[in-house]
*Asks:* 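This is the structure, below, for whatever I ask next.
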Amino acid sequence: MVRIFDPITLRGGTIKNRARVSPMCQYMSTGKDGIPDDWHLTRLCGFANGGFGLILTESTAISPEGRITPQDTGIWNNRQADAWARITADVQERGSAIGIQLGHAGRKGSSWSPLTGNHGSVPVHTDGWPTLGPSPVPFSDTYATPAQMTTADLDKVVEDFRRAAERSVAAGFDVVEIHAAHGYLLHQFLPPLSNRRGDEYGGTLENRAALLLRTVGAVRAAVPHTPLFVRVSATDWAEGGLTSEDVGRVAAKLGCLGVDLVDVSTGGNTPSPTIPTGPGYQVPAAVAGHEASGIPVSAVGMITEPEQAEAVLTDHGITAVMLGRAALDNPHWPLLAARRLADGRLTGDFVQRTVLSRRLTGAATSHCACLSRGASAPRQATFTRQGAASGVCSALPRTRVAGAFPQCAGRSPRTGCTWASVQCGVRGGPGWSWVVPCSESLGMRVPPGRAQPGTRGSAGTRRRRH
Ligand SMILES: Cc1cc2nc3c(=O)[nH]c(=O)nc-3n(C[C@H](O)[C@H](O)[C@H](O)COP(=O)(O)O)c2cc1C
(Lines give C-alpha, C1' and ligand atoms only; values in the text may rest on other atoms or scores of the structure.)
Protein backbone atom coordinates (compact mmCIF):
# COMPACT_ATOMS: atom_id res chain seq x y z
CA MET A 1 0.00 0.00 0.00
CA VAL A 2 1.37 3.36 -1.04
CA ARG A 3 1.00 6.46 1.09
CA ILE A 4 1.45 10.08 0.23
CA PHE A 5 4.82 10.59 1.90
CA ASP A 6 6.29 7.38 0.57
CA PRO A 7 9.21 8.02 -1.77
CA ILE A 8 9.32 6.50 -5.21
CA THR A 9 12.37 5.48 -7.22
CA LEU A 10 12.21 5.76 -11.00
CA ARG A 11 15.14 4.92 -13.25
CA GLY A 12 17.53 5.33 -10.37
CA GLY A 13 16.26 8.69 -9.10
CA THR A 14 14.17 9.03 -5.97
CA ILE A 15 11.26 11.41 -5.64
CA LYS A 16 10.60 12.05 -2.00
CA ASN A 17 6.81 11.79 -1.93
CA ARG A 18 3.71 11.22 -4.06
CA ALA A 19 2.30 14.76 -4.01
CA ARG A 20 2.89 16.40 -7.38
CA VAL A 21 2.12 19.74 -8.91
CA SER A 22 0.13 19.34 -12.09
CA PRO A 23 1.24 21.27 -15.19
CA MET A 24 -0.34 24.70 -15.32
CA CYS A 25 0.09 27.24 -18.10
CA GLN A 26 1.11 30.67 -16.93
CA TYR A 27 1.05 32.71 -20.16
CA MET A 28 3.82 34.74 -18.59
CA SER A 29 6.68 34.52 -21.05
CA THR A 30 6.08 38.16 -21.71
CA GLY A 31 8.87 38.56 -24.26
CA LYS A 32 6.90 36.11 -26.45
CA ASP A 33 10.18 34.30 -26.97
CA GLY A 34 9.33 31.24 -24.90
CA ILE A 35 11.90 32.09 -22.23
CA PRO A 36 10.90 31.39 -18.62
CA ASP A 37 11.83 34.16 -16.23
CA ASP A 38 11.65 35.10 -12.56
CA TRP A 39 7.91 34.55 -12.54
CA HIS A 40 8.41 30.91 -13.43
CA LEU A 41 11.37 30.55 -11.09
CA THR A 42 9.62 31.89 -8.01
CA ARG A 43 6.41 30.07 -8.74
CA LEU A 44 8.04 26.67 -9.21
CA CYS A 45 10.41 27.17 -6.29
CA GLY A 46 7.44 28.09 -4.12
CA PHE A 47 6.01 24.63 -4.66
CA ALA A 48 9.39 23.13 -3.80
CA ASN A 49 9.54 25.12 -0.58
CA GLY A 50 6.12 23.73 0.21
CA GLY A 51 7.40 20.16 0.00
CA PHE A 52 5.95 18.74 -3.22
CA GLY A 53 7.88 15.70 -4.38
CA LEU A 54 7.62 16.49 -8.08
CA ILE A 55 6.69 19.72 -9.79
CA LEU A 56 5.67 19.74 -13.42
CA THR A 57 6.16 22.84 -15.51
CA GLU A 58 3.41 24.25 -17.62
CA SER A 59 2.99 22.84 -21.11
CA THR A 60 6.23 23.95 -22.75
CA ALA A 61 6.32 24.20 -26.51
CA ILE A 62 8.64 22.07 -28.61
CA SER A 63 8.52 24.59 -31.46
CA PRO A 64 7.25 28.15 -31.99
CA GLU A 65 4.18 26.89 -33.86
CA GLY A 66 3.60 24.37 -31.06
CA ARG A 67 2.75 27.08 -28.53
CA ILE A 68 -0.78 27.46 -27.27
CA THR A 69 -0.41 31.23 -26.87
CA PRO A 70 2.32 33.70 -27.78
CA GLN A 71 3.17 33.92 -24.07
CA ASP A 72 3.88 30.21 -23.57
CA THR A 73 7.24 28.94 -22.49
CA GLY A 74 9.27 26.87 -24.89
CA ILE A 75 12.31 24.66 -25.11
CA TRP A 76 13.07 24.72 -28.81
CA ASN A 77 16.36 26.61 -28.42
CA ASN A 78 19.35 26.80 -26.12
CA ARG A 79 18.51 30.22 -24.68
CA GLN A 80 15.30 28.77 -23.35
CA ALA A 81 17.11 25.68 -22.09
CA ASP A 82 19.63 27.87 -20.24
CA ALA A 83 16.81 29.77 -18.56
CA TRP A 84 15.21 26.48 -17.52
CA ALA A 85 18.54 25.25 -16.13
CA ARG A 86 18.52 28.03 -13.55
CA ILE A 87 15.03 26.96 -12.47
CA THR A 88 15.72 23.24 -12.31
CA ALA A 89 18.78 23.84 -10.15
CA ASP A 90 16.86 26.04 -7.70
CA VAL A 91 13.96 23.64 -7.41
CA GLN A 92 16.27 20.70 -6.85
CA GLU A 93 18.23 22.66 -4.26
CA ARG A 94 14.98 22.78 -2.31
CA GLY A 95 14.68 19.01 -2.43
CA SER A 96 11.98 18.54 -5.05
CA ALA A 97 12.21 16.93 -8.43
CA ILE A 98 11.11 18.91 -11.45
CA GLY A 99 9.59 17.64 -14.66
CA ILE A 100 8.86 19.39 -17.90
CA GLN A 101 5.66 18.91 -19.81
CA LEU A 102 6.42 19.03 -23.53
CA GLY A 103 3.58 20.02 -25.78
CA HIS A 104 2.45 20.96 -29.24
CA ALA A 105 -0.90 22.71 -29.42
CA GLY A 106 -1.80 21.77 -33.01
CA ARG A 107 -5.14 23.28 -33.99
CA LYS A 108 -5.46 24.89 -30.55
CA GLY A 109 -2.28 26.88 -31.12
CA SER A 110 -2.09 30.58 -31.78
CA SER A 111 -4.75 31.15 -29.11
CA TRP A 112 -5.25 34.26 -27.09
CA SER A 113 -3.89 34.03 -23.58
CA PRO A 114 -6.86 34.01 -21.20
CA LEU A 115 -5.14 36.87 -19.42
CA THR A 116 -6.00 39.12 -22.38
CA GLY A 117 -9.73 38.52 -21.99
CA ASN A 118 -9.99 37.42 -25.65
CA HIS A 119 -11.07 34.01 -26.94
CA GLY A 120 -10.15 31.88 -29.91
CA SER A 121 -7.33 32.40 -32.38
CA VAL A 122 -4.87 35.25 -32.41
CA PRO A 123 -4.86 36.62 -35.98
CA VAL A 124 -1.77 35.82 -38.01
CA HIS A 125 -1.26 39.50 -38.80
CA THR A 126 -0.73 40.29 -35.10
CA ASP A 127 1.10 37.75 -32.91
CA GLY A 128 -0.49 34.63 -34.35
CA TRP A 129 0.64 31.91 -36.72
CA PRO A 130 -1.00 29.41 -39.10
CA THR A 131 -1.94 26.27 -37.20
CA LEU A 132 -1.55 22.60 -38.08
CA GLY A 133 -3.73 19.63 -37.23
CA PRO A 134 -4.53 16.08 -38.26
CA SER A 135 -7.37 17.33 -40.46
CA PRO A 136 -8.75 20.73 -41.48
CA VAL A 137 -11.26 20.72 -38.62
CA PRO A 138 -11.22 23.76 -36.33
CA PHE A 139 -11.55 23.35 -32.59
CA SER A 140 -14.53 25.71 -32.48
CA ASP A 141 -16.10 28.64 -34.31
CA THR A 142 -13.62 31.07 -32.82
CA TYR A 143 -10.55 29.08 -33.86
CA ALA A 144 -8.82 29.13 -37.23
CA THR A 145 -9.02 26.06 -39.44
CA PRO A 146 -5.71 24.18 -39.24
CA ALA A 147 -3.86 22.95 -42.29
CA GLN A 148 -3.80 19.16 -42.57
CA MET A 149 -0.34 18.00 -41.61
CA THR A 150 1.84 16.47 -44.29
CA THR A 151 4.20 13.58 -43.69
CA ALA A 152 7.04 16.09 -43.49
CA ASP A 153 5.12 18.03 -40.83
CA LEU A 154 4.64 14.84 -38.82
CA ASP A 155 8.32 13.94 -39.09
CA LYS A 156 9.21 17.41 -37.87
CA VAL A 157 6.93 17.07 -34.84
CA VAL A 158 8.56 13.79 -33.83
CA GLU A 159 12.00 15.31 -34.25
CA ASP A 160 11.04 18.47 -32.35
CA PHE A 161 9.78 16.39 -29.41
CA ARG A 162 12.98 14.34 -29.47
CA ARG A 163 15.24 17.36 -29.48
CA ALA A 164 13.17 19.13 -26.85
CA ALA A 165 13.49 16.09 -24.60
CA GLU A 166 17.27 16.07 -25.04
CA ARG A 167 17.43 19.78 -24.25
CA SER A 168 15.24 19.22 -21.19
CA VAL A 169 17.54 16.61 -19.75
CA ALA A 170 20.55 18.79 -20.50
CA ALA A 171 18.76 21.61 -18.64
CA GLY A 172 18.50 19.38 -15.57
CA PHE A 173 14.92 18.17 -15.64
CA ASP A 174 14.34 14.99 -13.66
CA VAL A 175 11.24 13.92 -15.57
CA VAL A 176 9.91 14.45 -19.07
CA GLU A 177 6.17 14.37 -19.63
CA ILE A 178 4.67 14.31 -23.12
CA HIS A 179 1.39 16.18 -23.33
CA ALA A 180 -1.07 14.02 -25.26
CA ALA A 181 -4.19 15.31 -23.50
CA HIS A 182 -6.59 18.24 -23.39
CA GLY A 183 -7.13 18.48 -27.12
CA TYR A 184 -3.57 19.35 -28.09
CA LEU A 185 -1.85 17.90 -31.13
CA LEU A 186 -1.06 14.35 -30.01
CA HIS A 187 -4.56 14.04 -28.56
CA GLN A 188 -6.14 15.50 -31.72
CA PHE A 189 -4.87 12.49 -33.66
CA LEU A 190 -6.50 9.95 -31.35
CA PRO A 191 -10.29 10.34 -31.85
CA PRO A 192 -12.11 10.43 -35.19
CA LEU A 193 -13.75 13.63 -33.91
CA SER A 194 -10.65 15.57 -34.87
CA ASN A 195 -8.82 13.05 -37.09
CA ARG A 196 -10.49 12.41 -40.46
CA ARG A 197 -7.35 11.23 -42.23
CA GLY A 198 -7.35 8.42 -44.76
CA ASP A 199 -3.62 7.64 -44.50
CA GLU A 200 -1.66 5.55 -42.03
CA TYR A 201 -2.29 8.17 -39.33
CA GLY A 202 -6.09 7.90 -39.56
CA GLY A 203 -8.79 5.26 -39.49
CA THR A 204 -8.10 2.53 -36.95
CA LEU A 205 -7.14 3.30 -33.38
CA GLU A 206 -3.72 1.86 -34.10
CA ASN A 207 -3.25 4.33 -36.97
CA ARG A 208 -4.63 7.25 -34.99
CA ALA A 209 -2.20 6.45 -32.18
CA ALA A 210 0.76 6.20 -34.57
CA LEU A 211 1.99 9.78 -34.13
CA LEU A 212 1.89 9.50 -30.34
CA LEU A 213 3.66 6.15 -30.37
CA ARG A 214 6.31 7.33 -32.82
CA THR A 215 6.92 10.40 -30.66
CA VAL A 216 7.17 8.40 -27.48
CA GLY A 217 9.54 5.92 -29.10
CA ALA A 218 11.81 8.72 -30.32
CA VAL A 219 11.83 10.48 -26.94
CA ARG A 220 12.40 7.25 -25.01
CA ALA A 221 15.40 6.43 -27.17
CA ALA A 222 16.79 9.95 -26.82
CA VAL A 223 16.57 10.10 -23.01
CA PRO A 224 16.75 6.48 -21.86
CA HIS A 225 17.67 7.24 -18.26
CA THR A 226 15.00 9.84 -17.56
CA PRO A 227 11.57 8.93 -16.22
CA LEU A 228 9.07 9.47 -19.02
CA PHE A 229 5.40 10.23 -18.38
CA VAL A 230 2.59 10.74 -20.87
CA ARG A 231 -0.50 12.77 -20.04
CA VAL A 232 -3.62 11.45 -21.73
CA SER A 233 -7.27 12.38 -21.76
CA ALA A 234 -9.07 9.15 -20.93
CA THR A 235 -12.33 10.37 -22.43
CA ASP A 236 -13.52 13.20 -24.62
CA TRP A 237 -16.85 13.29 -22.76
CA ALA A 238 -18.41 13.38 -26.23
CA GLU A 239 -20.26 11.14 -28.66
CA GLY A 240 -17.74 9.70 -31.10
CA GLY A 241 -14.83 10.72 -28.89
CA LEU A 242 -12.19 8.73 -27.08
CA THR A 243 -13.32 6.16 -24.55
CA SER A 244 -11.44 4.76 -21.59
CA GLU A 245 -11.19 1.42 -23.44
CA ASP A 246 -9.38 3.14 -26.34
CA VAL A 247 -7.06 4.88 -23.94
CA GLY A 248 -6.41 1.70 -21.96
CA ARG A 249 -5.22 0.04 -25.18
CA VAL A 250 -3.00 2.99 -26.04
CA ALA A 251 -1.64 3.07 -22.49
CA ALA A 252 -0.64 -0.58 -22.74
CA LYS A 253 1.39 0.26 -25.86
CA LEU A 254 2.97 3.19 -24.05
CA GLY A 255 4.05 0.80 -21.32
CA CYS A 256 5.68 -1.44 -23.94
CA LEU A 257 7.62 1.56 -25.23
CA GLY A 258 9.10 2.23 -21.80
CA VAL A 259 6.81 4.95 -20.49
CA ASP A 260 7.09 4.98 -16.71
CA LEU A 261 3.73 6.50 -15.84
CA VAL A 262 0.55 7.62 -17.53
CA ASP A 263 -0.87 10.81 -16.10
CA VAL A 264 -4.61 10.41 -16.58
CA SER A 265 -6.77 13.44 -17.20
CA THR A 266 -9.84 13.90 -19.40
CA GLY A 267 -11.42 16.22 -21.95
CA GLY A 268 -10.18 19.24 -23.83
CA ASN A 269 -10.84 18.19 -27.42
CA THR A 270 -14.34 19.65 -27.72
CA PRO A 271 -15.30 23.19 -26.83
CA SER A 272 -18.15 22.66 -24.36
CA PRO A 273 -18.47 19.10 -23.10
CA THR A 274 -20.71 18.19 -20.20
CA ILE A 275 -18.36 16.92 -17.51
CA PRO A 276 -19.67 15.53 -14.24
CA THR A 277 -17.09 17.26 -12.10
CA GLY A 278 -16.75 16.74 -8.37
CA PRO A 279 -14.08 15.69 -5.90
CA GLY A 280 -11.77 13.16 -7.54
CA TYR A 281 -13.97 12.96 -10.64
CA GLN A 282 -11.15 11.65 -12.85
CA VAL A 283 -9.92 9.00 -10.42
CA PRO A 284 -12.13 6.25 -11.94
CA ALA A 285 -10.58 6.97 -15.34
CA ALA A 286 -7.10 6.61 -13.84
CA VAL A 287 -8.07 3.34 -12.16
CA ALA A 288 -9.51 2.03 -15.45
CA GLY A 289 -6.34 3.04 -17.31
CA HIS A 290 -4.20 1.24 -14.76
CA GLU A 291 -6.34 -1.89 -14.80
CA ALA A 292 -6.45 -2.04 -18.59
CA SER A 293 -2.77 -1.46 -19.17
CA GLY A 294 -0.97 -2.47 -16.00
CA ILE A 295 1.09 0.72 -16.25
CA PRO A 296 1.49 2.98 -13.19
CA VAL A 297 -0.85 5.98 -13.31
CA SER A 298 -1.33 9.26 -11.55
CA ALA A 299 -4.70 10.83 -10.91
CA VAL A 300 -5.66 14.48 -11.17
CA GLY A 301 -8.79 16.55 -10.85
CA MET A 302 -10.31 18.12 -7.77
CA ILE A 303 -8.06 16.28 -5.39
CA THR A 304 -7.83 18.88 -2.70
CA GLU A 305 -7.81 17.31 0.75
CA PRO A 306 -4.91 15.36 2.25
CA GLU A 307 -7.14 12.55 3.46
CA GLN A 308 -8.75 12.34 0.02
CA ALA A 309 -5.35 12.27 -1.68
CA GLU A 310 -4.12 9.56 0.67
CA ALA A 311 -7.22 7.48 -0.04
CA VAL A 312 -6.69 7.80 -3.80
CA LEU A 313 -3.32 6.14 -3.29
CA THR A 314 -4.19 3.59 -0.67
CA ASP A 315 -7.58 2.48 -1.99
CA HIS A 316 -7.19 2.67 -5.76
CA GLY A 317 -3.71 1.44 -6.63
CA ILE A 318 -2.69 4.84 -7.99
CA THR A 319 0.96 5.80 -7.90
CA ALA A 320 0.79 9.56 -7.33
CA VAL A 321 -1.64 12.44 -7.09
CA MET A 322 -1.37 15.58 -9.17
CA LEU A 323 -2.70 18.81 -7.71
CA GLY A 324 -3.59 21.79 -9.85
CA ARG A 325 -5.75 24.45 -8.31
CA ALA A 326 -5.25 23.15 -4.78
CA ALA A 327 -1.52 23.74 -5.25
CA LEU A 328 -2.21 27.25 -6.51
CA ASP A 329 -4.41 27.89 -3.49
CA ASN A 330 -1.78 26.58 -1.12
CA PRO A 331 1.73 26.03 -2.49
CA HIS A 332 2.54 24.58 0.94
CA TRP A 333 -0.15 21.93 0.61
CA PRO A 334 2.26 19.15 1.68
CA LEU A 335 2.70 20.94 4.99
CA LEU A 336 -1.04 20.86 5.46
CA ALA A 337 -1.01 17.19 4.55
CA ALA A 338 1.82 16.48 6.96
CA ARG A 339 -0.13 18.00 9.80
CA ARG A 340 -3.45 16.45 8.91
CA LEU A 341 -2.05 13.00 8.25
CA ALA A 342 0.34 13.00 11.20
CA ASP A 343 -0.49 11.38 14.49
CA GLY A 344 -2.08 14.40 16.05
CA ARG A 345 0.73 15.41 18.37
CA LEU A 346 1.96 18.04 15.97
CA THR A 347 -1.18 20.04 15.64
CA GLY A 348 -1.81 23.33 17.17
CA ASP A 349 0.92 25.67 18.06
CA PHE A 350 3.51 28.22 17.24
CA VAL A 351 6.24 26.63 15.15
CA GLN A 352 4.29 23.72 13.88
CA ARG A 353 6.04 22.13 11.04
CA THR A 354 9.36 21.73 9.44
CA VAL A 355 10.21 20.77 5.98
CA LEU A 356 13.68 19.52 5.51
CA SER A 357 13.53 19.62 1.82
CA ARG A 358 16.59 17.55 1.17
CA ARG A 359 18.33 14.76 2.91
CA LEU A 360 20.20 16.51 5.63
CA THR A 361 23.35 14.78 4.72
CA GLY A 362 23.18 15.88 1.11
CA ALA A 363 21.73 19.33 1.19
CA ALA A 364 23.66 22.52 1.25
CA THR A 365 20.83 24.18 3.10
CA SER A 366 17.66 23.02 4.67
CA HIS A 367 14.56 25.03 5.15
CA CYS A 368 12.53 25.32 8.24
CA ALA A 369 9.04 26.49 7.51
CA CYS A 370 7.47 28.10 10.50
CA LEU A 371 3.82 28.78 10.83
CA SER A 372 2.91 31.06 13.62
CA ARG A 373 -0.53 31.37 14.94
CA GLY A 374 -2.28 34.18 13.19
CA ALA A 375 0.21 34.37 10.35
CA SER A 376 -1.34 34.03 6.96
CA ALA A 377 1.46 32.06 5.40
CA PRO A 378 4.43 30.01 6.47
CA ARG A 379 7.72 31.89 6.66
CA GLN A 380 11.09 30.40 6.44
CA ALA A 381 14.33 30.29 8.25
CA THR A 382 17.25 28.60 6.63
CA PHE A 383 19.64 26.35 8.44
CA THR A 384 23.01 25.43 7.16
CA ARG A 385 23.63 21.76 6.88
CA GLN A 386 26.31 21.28 9.45
CA GLY A 387 26.78 22.74 12.84
CA ALA A 388 24.85 25.34 14.68
CA ALA A 389 22.59 27.54 12.73
CA SER A 390 20.14 30.13 13.65
CA GLY A 391 17.78 32.55 12.12
CA VAL A 392 14.88 34.74 12.88
CA CYS A 393 11.49 33.53 11.93
CA SER A 394 10.10 36.30 9.81
CA ALA A 395 6.58 35.43 10.85
CA LEU A 396 7.34 36.54 14.40
CA PRO A 397 10.42 38.77 14.49
CA ARG A 398 10.80 38.39 18.23
CA THR A 399 11.13 34.70 17.78
CA ARG A 400 14.51 33.20 17.44
CA VAL A 401 14.84 29.95 15.61
CA ALA A 402 17.90 27.92 16.28
CA GLY A 403 18.94 24.53 15.19
CA ALA A 404 21.85 22.24 14.82
CA PHE A 405 22.01 19.48 12.29
CA PRO A 406 22.32 16.66 12.75
CA GLN A 407 21.50 16.39 16.39
CA CYS A 408 20.01 13.54 18.34
CA ALA A 409 20.17 11.40 15.25
CA GLY A 410 18.22 8.22 15.51
CA ARG A 411 16.51 5.66 13.40
CA SER A 412 12.97 5.64 12.17
CA PRO A 413 11.57 2.21 12.89
CA ARG A 414 9.32 2.47 9.87
CA THR A 415 11.64 3.68 7.15
CA GLY A 416 15.04 3.05 8.65
CA CYS A 417 16.08 6.57 7.76
CA THR A 418 17.99 8.82 10.05
CA TRP A 419 16.15 11.30 12.14
CA ALA A 420 17.50 14.65 13.06
CA SER A 421 16.39 16.82 15.86
CA VAL A 422 15.75 20.46 15.24
CA GLN A 423 15.51 22.86 18.09
CA CYS A 424 13.59 26.01 17.68
CA GLY A 425 13.29 28.28 20.61
CA VAL A 426 12.06 31.58 21.74
CA ARG A 427 14.79 34.01 22.59
CA GLY A 428 16.29 33.13 25.93
CA GLY A 429 15.47 29.47 26.09
CA PRO A 430 15.38 26.30 24.05
CA GLY A 431 11.66 25.93 24.28
CA TRP A 432 10.88 23.89 21.25
CA SER A 433 12.16 20.90 19.52
CA TRP A 434 10.98 18.22 17.26
CA VAL A 435 12.41 15.67 14.98
CA VAL A 436 12.12 15.27 11.27
CA PRO A 437 13.03 12.36 9.09
CA CYS A 438 15.82 13.08 6.69
CA SER A 439 14.53 11.51 3.55
CA GLU A 440 10.82 11.33 4.09
CA SER A 441 10.93 14.94 5.00
CA LEU A 442 7.36 15.33 6.07
CA GLY A 443 6.21 12.36 8.07
CA MET A 444 7.05 14.07 11.31
CA ARG A 445 6.84 12.42 14.66
CA VAL A 446 8.12 13.41 18.01
CA PRO A 447 9.28 10.27 19.76
CA PRO A 448 8.80 10.43 23.54
CA GLY A 449 11.99 11.26 25.37
CA ARG A 450 13.75 12.77 22.41
CA ALA A 451 12.06 16.11 22.49
CA GLN A 452 12.81 18.67 25.11
CA PRO A 453 10.02 19.99 27.25
CA GLY A 454 8.89 23.47 26.49
CA THR A 455 10.15 26.28 28.62
CA ARG A 456 8.83 29.67 29.33
CA GLY A 457 7.75 31.34 26.15
CA SER A 458 7.66 34.98 25.27
CA ALA A 459 4.72 36.85 23.87
CA GLY A 460 3.06 35.05 21.04
CA THR A 461 4.07 31.62 22.22
CA ARG A 462 2.94 29.35 24.95
CA ARG A 463 4.34 26.45 26.82
CA ARG A 464 4.22 23.31 24.87
CA ARG A 465 4.50 19.74 25.98
CA HIS A 466 5.31 17.03 23.53
C1 LIG B 1 -4.29 27.74 -14.74
C2 LIG B 1 -4.27 26.32 -15.26
C3 LIG B 1 -3.40 26.01 -16.28
C4 LIG B 1 -3.32 24.68 -16.75
N5 LIG B 1 -2.39 24.35 -17.70
C6 LIG B 1 -2.18 23.04 -18.00
C7 LIG B 1 -1.08 22.64 -18.79
O8 LIG B 1 -0.23 23.43 -19.18
N9 LIG B 1 -0.95 21.32 -19.07
C10 LIG B 1 -1.83 20.38 -18.59
O11 LIG B 1 -1.68 19.20 -18.89
N12 LIG B 1 -2.86 20.74 -17.82
C13 LIG B 1 -3.04 22.03 -17.49
N14 LIG B 1 -4.04 22.38 -16.62
C15 LIG B 1 -4.87 21.33 -16.03
C16 LIG B 1 -4.30 20.92 -14.67
O17 LIG B 1 -3.01 20.36 -14.81
C18 LIG B 1 -5.22 19.92 -13.97
O19 LIG B 1 -5.25 18.74 -14.74
C20 LIG B 1 -6.62 20.46 -13.80
O21 LIG B 1 -6.60 21.77 -13.29
C22 LIG B 1 -7.43 19.57 -12.86
O23 LIG B 1 -6.79 19.47 -11.61
P24 LIG B 1 -7.25 20.35 -10.33
O25 LIG B 1 -8.71 20.07 -10.11
O26 LIG B 1 -6.39 19.84 -9.23
O27 LIG B 1 -7.01 21.78 -10.65
C28 LIG B 1 -4.17 23.70 -16.19
C29 LIG B 1 -5.05 24.05 -15.17
C30 LIG B 1 -5.09 25.33 -14.68
C31 LIG B 1 -6.02 25.66 -13.54
Side-chain angles (χ1 to χ4, degrees), residues 4 18-29 34 36 39-40 43-44 46-47 50 52 54-62 66-75 84 98-106 108-109 111-116 164 168 175-188 190 212 229-235 237 247 261-269 273 275-286 289 297-306 308-309 312 318 320-331 333-334 336-337:
I4 203 146
R18 310 295 178 113
R20 298 178 178 173
V21 179
S22 203
M24 281 177 281
C25 286
Q26 297 297 291
Y27 317 109
M28 288 294 280
S29 179
W39 171 273
H40 306 88
R43 172 180 175 271
L44 295 166
F47 296 129
F52 282 96
L54 174 65
I55 298 152
L56 272 296
T57 68
E58 65 196 88
S59 181
T60 296
I62 57 160
R67 290 173 296 170
I68 305 168
T69 77
Q71 291 81 7
D72 284 13
T73 54
I75 190 153
W84 281 119
I98 179 165
I100 187 167
Q101 188 186 54
L102 298 178
H104 188 304
K108 285 172 81 175
S111 301
W112 288 105
S113 153
L115 304 182
T116 65
S168 300
V175 168
V176 170
E177 173 167 289
I178 294 175
H179 197 357
H182 301 170
Y184 297 112
L185 184 69
L186 296 175
H187 178 179
Q188 289 159 27
L190 293 174
L212 171 61
F229 300 173
V230 176
R231 176 166 269 203
V232 297
S233 283
T235 169
W237 303 108
V247 176
L261 176 136
V262 173
D263 171 9
V264 181
S265 185
T266 69
N269 201 27
I275 303 179
T277 55
Y281 70 103
Q282 295 178 143
V283 170
V297 296
S298 57
V300 66
M302 296 181 72
I303 298 170
T304 55
E305 303 307 311
Q308 176 200 13
V312 168
I318 284 171
V321 286
M322 306 280 277
L323 275 70
R325 289 160 292 180
L328 293 181
D329 290 346
N330 181 4
W333 187 92
L336 176 75

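Counting starts at 1 for both ligands and their atoms, following the listed order.
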*Asks:* Applying a strict 4.0 Å limit to heavy atoms, is A326 in contact with ligand 1?
*Replies:* no

*Asks:* So M302 and T277, do their side chains get closer than 4.5 Å, heavy atoms only?
*Replies:* yes

*Asks:* Please state which option from H179, R20, R325, M24 has its nearest heavy atom closest to atom 30 (C) of ligand 1.
*Replies:* M24

*Asks:* In the structure I gave you, are the side-chain heavy atoms of P23 and H179 within less than 4.5 Å of one another anywhere?
*Replies:* no

*Asks:* Considering heavy atoms of the protein only, find what lies nearest to atom 3 (C) of ligand 1 and give residue, atom and distance to 0.1 Å.
*Replies:* C25 N, 3.2 Å

*Asks:* Under 3.5 Å, is there a donor-acceptor pair between the T266 and Q282 side chains?
*Replies:* yes

*Asks:* Partners of S298 by side-chain hydrogen bond (donor to acceptor under 3.5 Å, both in side chains), sequence neighbours excluded?
*Replies:* D263

*Asks:* Please could you name the atoms of ligand 1 that M302 approaches to less than 4.0 Å, counting only its heavy atoms?
*Replies:* 24 (P), 25 (O), 26 (O)

*Asks:* Are side-chain heavy atoms of F229 and I178 found at a separation under 4.5 Å?
*Replies:* no

*Asks:* Would you indicate which of S233, P114, P23, G324 comes nearest to atom 28 (C) of ligand 1 when only heavy atoms are counted?
*Replies:* P23

*Asks:* Is atom 6 (C) of ligand 1 less than 4.0 angstrom from some protein heavy atom?
*Replies:* yes

*Asks:* Just say parallel, tilted or perpendicular for the rings of W84 and H40, cut-offs at 30° and 60°.
*Replies:* perpendicular

*Asks:* Go through the structure and list residues passing side-chain hydrogen bond (donor to acceptor under 3.5 Å, both in side chains) with E177, not counting sequence neighbours.
*Replies:* Q101

*Asks:* Counting both backbone and side chain atoms, is some N or O of Q282 under 3.5 Å from an N or O of ligand 1?
*Replies:* no

*Asks:* Distance only, no hydrogens: is a donor on one side chain within 3.5 Å (strictly under) of an acceptor on the other, for T73 and T60?
*Replies:* yes

*Asks:* Below 3.5 angstrom, do we get any N/O pair linking E58 and ligand 1?
*Replies:* no

*Asks:* Tell me: protein heavy atom nearest atom 12 (N) of ligand 1, and distance?
*Replies:* R231 NH1, 3.1 Å

*Asks:* Starting from atom 9 (N) of ligand 1, what is the nearest protein heavy atom, named by residue and atom, and what distance separates them?
*Replies:* Q101 OE1, 2.8 Å

*Asks:* Taking atom types as modelled, find out whether T57 and R43 have a side-chain donor-acceptor pair closer than 3.5 angstrom.
*Replies:* no

*Asks:* Taking distance alone, with N or O pairs closer than 3.5 Å, would you say M322 contacts ligand 1?
*Replies:* no

*Asks:* Considering S22, S59, A327 one by one, which has a heavy atom nearer to atom 8 (O) of ligand 1 than any of the others?
*Replies:* S59

*Asks:* Closest non-hydrogen protein atom to atom 22 (C) of ligand 1, residue and atom name please, with distance?
*Replies:* G301 CA, 3.9 Å

*Asks:* Relative to atom 23 (O) of ligand 1, which among V232, V300, D329, V264 owns the nearest non-hydrogen atom?
*Replies:* V300

